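None of the values given here were measured: they were computed from a predicted structure. Counting starts at 1 for both ligands and their atoms, in listed order.
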Amino acid sequence: MNEEVFAGSEALTFDDVLVVPGWSEVLPAEVDISTSIAGIELKVPLVSAAMDTVTESPLAVALARVGGLGILHRNLTVDKQAEQVDRVKRAQSGMISAPISLPPSALLDDAETLMARHRISGVPICEASGRLVGILTNRDIRFCRPDQFDRPVTDFMTSENLVTAPVGTSLEDAVDVLHKYRIEKLPLVDGDGVLRGLITVKDITKRIENPNATLDPDGRLRVGAAIGVADTEERAEALQAAGVDVLVIDTAHGHTQGVVDAVRTIKKSWPDLPVIGGNVVTRAGVEALVEAGADVVKVGVGSGSICTTRIVSGAGMPQMTAIHDCVAVGRELGVPIIADGGVVASGDIVKAFVAGADAVMLGNLLAGVDEAPGDLELVEGAMWKTYRGMGSAGAMRGRASDRYGTGQAVGKHVPEGVEARVRYAGALGDLMGQLVGGLRSGMGYAGAASLDDLRHRSRLVRITGAGLRESHPHDVAVLRDE
Ligand code: XMP
């Protein structure tokens, strides 16, 4: 489909095309927008950019809760990035399989610090053997006086008539027990009384509130993390130990020996850990990464809204052609493609799927939400948030400078991105409603009941500059633009 649109040597981007409205029997509210990348099922086919003004644990948690996937940036030490993974994995759980616990000798002060650091409302108390002897919750310590904080937790914990359940208790049965005893936490113990898990009311509530959440088999939110070519093994080791679900080799030019080697290194040590390789924009680029073992390939060079790669280096590929060409070989090799960069409106998401993408990565569109890092700035009466390229001078003073290899080699950073700001966009959940609404609407116009339909049956048409001008509000003074 659409071969004639992409024929010839001219390359196209989102604004060069429109989706042709087609016969439709589908209602936007009923279309299926689910997708699958690297064995991860996403109810919402959107992934966040691994950028230090976009994805840290709060955004990764919020995005996974609505059905997408966050990719944690790597402009952090290995330990700090692994801690971010841990925070997402601990944000909610079916059953917490390795609950944070304290020994009976711990002081109340230790317990309070631990509970604040991990934002948890209770902690099981276990002997060195792992045997559960009590549980300390906020309720036990609510009215403690300051002079009591150097006393052992055993003075305050609940230990008599402790309600527990055996290992293997289902979530449904746990709900019954939690309700019967009016408790908030249910420790699971084995035959020797050793703590093996914890089920909490909070986790059960989150599950009910977020039916589309992207979950792993243990009911924890899924998360990805970026990794470079400089410290690949050390970082991959720490991230996988923290429970990361997918690694993303995050480089500006993925059709290189360094990236191919990085994919091989990870696949050799952790064959079951999915790896997304990138970024590339050509058939040969996809082939090289898949050959090395990449499970998914990410596509886009110089398309990002904060990128100056094309201006600085003269290299790149307009994004619609890049997606189309890479998808052609991705399909042959059975590997999904993520379209990364250049998406500034929900219509661009629709176009990326028509070009064949399996998921779309967003930086600019997510940088303005509450859950993205950084404070709000008030400028000339409007609210903004900082958004900067990972190749900008500011970001490269951090740890991601190997993303842009060439400047590094001569000992100087050559920035390939800008430091900027984007309009404040409110809560991620509300924004996602708009983006997903736009995608559904596009599928309605195309008559596509699923993303596969959109990919295989929708027609694109090339437009002129006049057509583009007609697409935007024109010949009016816009009073409100939301
Ligand atoms: P959007 O358009 O969503 O693009 O803002 C986000 C993507 O842009 C890439 N990226 C960069 N590319 N210089 C570049 O050439 C940079 O400084 C830079 N920072 C991020 C990245 O692929 C991201 O997902």
Side-chain angles (χ1 to χ4, degrees), residues 13-15 46-55 59-60 63 68-75 224-228 248-255 259 276-281 285 296-320 322-323 326 337-349 351-352 357 359-369 372-373 385-408 413-423 425 431 435:
T13 191
F14 298 117
D15 276 353
L46 301 175
V47 176
S48 70
M51 298 171 71
D52 61 6
T53 47
V54 179
T55 316
L59 188 128
L63 186 54
L69 182 72
I71 310 295
L72 297 163
H73 74 87
R74 63 184 175 94
N75 224 1
I227 188 162
V248 180
I249 317 252
D250 164 54
T251 67
H253 185 22
H255 192 188
V259 175
I276 300 174
N279 277 11
V280 298
V281 288
V296 178
V297 173
K298 192 150 68 70
V299 168
V301 172
S303 47
S305 60
I306 32 50
C307 299
T308 54
T309 289
R310 294 182 190 170
I311 307 305
V312 170
S313 71
M317 179 72 81
Q319 188 66 347
M320 279 296 278
I323 301 168
C326 291
I337 298 293
I338 298 179
D340 173 20
V343 170
V344 293
S346 52
D348 298 338
I349 298 175
K351 293 172 190 176
V360 175
M361 179 171 259
L362 307 175
N364 180 306
L365 283 180
L366 297 180
V369 299
K385 286 192 87 163
T386 301
Y387 180 44
R388 66 181 187 184
M390 293 300 279
S392 66
M396 287 217 295
R397 282 193 286 274
R399 293 177 175 266
S401 47
D402 66 326
R403 194 171 198 274
Y404 301 85
T406 41
Q408 267 307 82
H413 296 320
V414 179
E416 289 188 20
V418 295
E419 294 174 57
R421 56 178 170 240
V422 291
R423 287 294 283 266
L431 174 73
L435 298 181

key: Nearest option to atom 9 (C) of ligand 1, as decided by whichever heavy atom of Gly342, Gly341, Ala395, Cys307 sits closest   = Cys307
remark   = among protein heavy atoms, the one nearest atom 20 (C) of ligand 1 is Met51 CE, 3.4 Å
key: Nearest neighbour in protein (non-hydrogen) for atom 8 (O) of ligand 1   = Gly304 CA, 3.6 Å
query = Tell me: protein heavy atom nearest atom 18 (C) of ligand 1, and distance?
reply = Tyr404 OH, 3.0 Å
inquiry  = Pair Ile349, Leu46 - check side-chain contact (heavy atoms from CB on, under 4.5 Å), show working.
reply    = CA-CA 9 Å; Ile349 298 175; Leu46 301 175; 4.0 Å; yes
ask   = Between Thr251 and Asn279, does a side-chain contact (heavy atoms from CB on, under 4.5 Å) hold up when you go through it step by step?
value = CA-CA 6 Å; Thr251 67; Asn279 277 11; 5.8 Å; no
task = Using non-hydrogen atoms of the residue, decide whether Gly300 is closer than 4.0 angstrom to ligand 1.
result = no
ask   = Do NZ/NE/NH1/NH2 and the carboxylate oxygens of Asp52 and Arg74 come within less than 4.0 Å?
value = no
Closest protein heavy atom (residue, atom, distance) for atom 15 (O) of ligand 1 = Thr309 OG1, 2.5 Å
note = Among non-hydrogen protein atoms, atom 13 (N) of ligand 1 lies closest to Glu416 O, 2.6 Å
message = So for ligand 1, is Gly363 a polar contact partner (N or O within less than 3.5 Å, distance only)?
response = yes
message = Looking only at side-chain N and O atoms, does Thr55 offer a donor or acceptor that is under 3.5 Å from a partner on Ser48?
response = yes
query = Closest non-hydrogen protein atom to atom 17 (O) of ligand 1, residue and atom name please, with distance?
reply = Gly391 N, 2.6 Å
ask   = Is a side-chain N or O of Glu416 found less than 3.5 angstrom from the main chain of Arg310, in a donor-acceptor match?
value = no
message = If I apply the N/O under 3.5 Å rule, does Asn364 come out as touching ligand 1?
response = yes
query = Would you say the side-chain atoms of Lys385 pair up with the backbone N or O of Ala372, donor to acceptor, closer than 3.5 Å?
reply = yes
message = For atom 19 (N) of ligand 1, tell me which residue out of His253, Met390, Lys298, Gln319 has the closest non-hydrogen atom.
response = Met390
inquiry  = Give me the nearest non-hydrogen protein atom to atom 21 (C) of ligand 1 as residue plus atom name, then the distance to 0.1 Å.
reply    = Arg403 NH2, 3.4 Å
key: Set of salt bridge (charged side-chain N to carboxylate O under 4.0 Å, His left out) partners for Lys351, sequence neighbours left out   = none
Protein contact of atom 6 (C) of ligand 1 - nearest heavy atom, named by residue and atom, plus distance = Tyr387 OH, 3.6 Å
message = I'd like to know if the side chain of Tyr387 reaches the main chain of Asn364, judged simply by a donor and an acceptor atom lying under 3.5 Å from each other, with no hydrogens or angles considered.
response = yes
task = Could you tell me whether a side-chain N or O of Ser313 sits under 3.5 Å from a main-chain N or O of Ala315, the two making a donor and an acceptor?
result = yes
request  = Have a look at Val54, Thr53, Asp340 and point out the one with the heavy atom closest to atom 24 (O) of ligand 1.
outcome  = Asp340
